Amino acid sequence: MTNLQLNREGKLKHFLSIEGLDKELLTEILDTAESFAGMSAQKVKKVPLLRGKTIVNLFFENSTRTRTTFELAASRLSADVVSINIATSATSKGESLLDTIRNLEAMHADMFVVRHAISGAAHFIAQNTAAHISVINAGDGQHAHPTQAMLDMFTIRQHKQDFKQLTVAIIGDILHSRVARSQIQALNTLETKEIRVIAPKTLLPSHVESMGVTAFSDIEEGLIDSDVIIMLRLQKERMTSAFLPSEREYFKCFGLTEERLNMAKPDAIVMHPGPINRGVEIESSIADGAQSVILQQVSNGIAVRMAIMAMTMQSSGDNHD
Ligand code: CP
């Protein structure tokens with residue numbers, strides 16, 4: 001089966017999902033991001049790699065971290081960046097997604113960065129846009145958030161190096177989380193020793209083990225000897241019925257407290273893709289504590305998104321299969 005994300009030479013043309021990408025390609029993204037990571041400390045934070053290119057951010061869902069770091073990443077690559085405010089765009093007058101895309105193509109866009117509440121929206125645009133345009137998925141429904149997963153892998157590699165030695169615990173609303181889905185795919189592709197998911201049964205997908213993880217419904221048991229702890233937010237906006245008795249009860253059973261953190265290895269890192277809900281999934285002292293790398297994840301988002309934009313644009317001259 002052809003992979004829409006790759007061109008004929010196997011280079012990244014779109015970045016829609018971790019699924020279908022091999023370890024070599026994920027490692028190339030991480031290595032490329034490494035080369036951009038030092039730029040934030042430099043006086044001139046720009047390279048001319050995407051000079052003359054036009055990048056359009058299309059965020060149909062709210063975002064703070066992803067949208068801003070994509071804008072900064074594009075600007076540091078010297079691209080022209082336009083972020084469409086969907087609330088004030090012609091979408092609110094009934095314009096279809098495809099018509100919006102056609103109009104942006106007519107303005108000579110080279111890349112679309114897309115966040116949408118519907119799973120598959122970025123794939124749909126990639127399938128229906130002009131051949132020279134690259135599409136990057138900035139989060140689609142419950143399906144995938146691949147750039148978040150890659151910045152998380154980058155942050156883990158900064159602290160832990162060898163994925164083959166790691167036990168990673170992902171805690172929270174696995175069922176509704178596009179971040180968890182992409183993280184699990186990336187961790188498996190990078191040959192992580194053990195991936196654990198910890199959640200109430202109502203917030204785990206059925207047959208979750210088929211994703212290559214071990215499921216726990218006891219947080220303390222699941223945290224034992226973990227190297228990396230990834231906390232997730234309750235995605236209340238995607239819950240169609242009552243999955244939990246209350247947030248208070250959830251924190252009592254699944255919140256990360258100092259006591260529970262002690263079950264993990266002493267040098268375990270604590271991660272969260274954000275936005276965090278203090279006192280719901282994580283104790284404030286841990287979110288701000290010495291083991292937290294939550295804000296490093298945000299900073300790393302710039303370098304990782306620069307890498308993905310640069311790689312996809314480099315192969316944009318070739319047609320994909
Ligand atoms: N992690 C993440 O996707 O955050 P935003 O919703 O703020 O972009």
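Read the numbers this way: they start at 1 and go in the same order the structure lists the ligands and their atoms. Model, not experiment: these values are computed from the prediction.
Here the side chain of Thr192 pairs no donor or acceptor atom with the backbone of Ile195 at under 3.5 angstrom. At distances below 3.5 Å, not a single donor-acceptor pair connects side-chain atoms of Asn137 with backbone N or O atoms of Ala122.
Residue Gly139 places every heavy atom at 4.0 Å or more from ligand 1. Distances shorter than 4.0 angstrom occur between a heavy atom of Arg115 and an atom of ligand 1.
With hydrogens left out, the protein atom closest to atom 4 (O) of ligand 1 is Arg65 NE, 3.1 Å, a heavy atom. If you check which protein heavy atom lies closest to atom 1 (N) of ligand 1, you get Pro273 O, 2.8 Å. Counting protein heavy atoms only, atom 7 (O) of ligand 1 is closest to Thr64 N, 2.8 Å. Scanning the protein heavy atoms around atom 2 (C) of ligand 1, the nearest turns out to be Thr66 OG1, 3.5 Å.
Under the 3.5 Å distance criterion, with hydrogens and angles disregarded, no donor-acceptor pair is assigned to the side chains of Ser177 and Gln235. Checking Arg233 against His272 by side-chain atom types alone, no donor-acceptor pair falls below 3.5 Å.
Counting only heavy atoms from C-beta outward, the side chains of His143 and Ser182 never approach each other to under 4.5 Å.
Taking each of Gln148, His272, Arg67, His145 in turn, the one with a heavy atom nearest to atom 3 (O) of ligand 1 proves to be His145.
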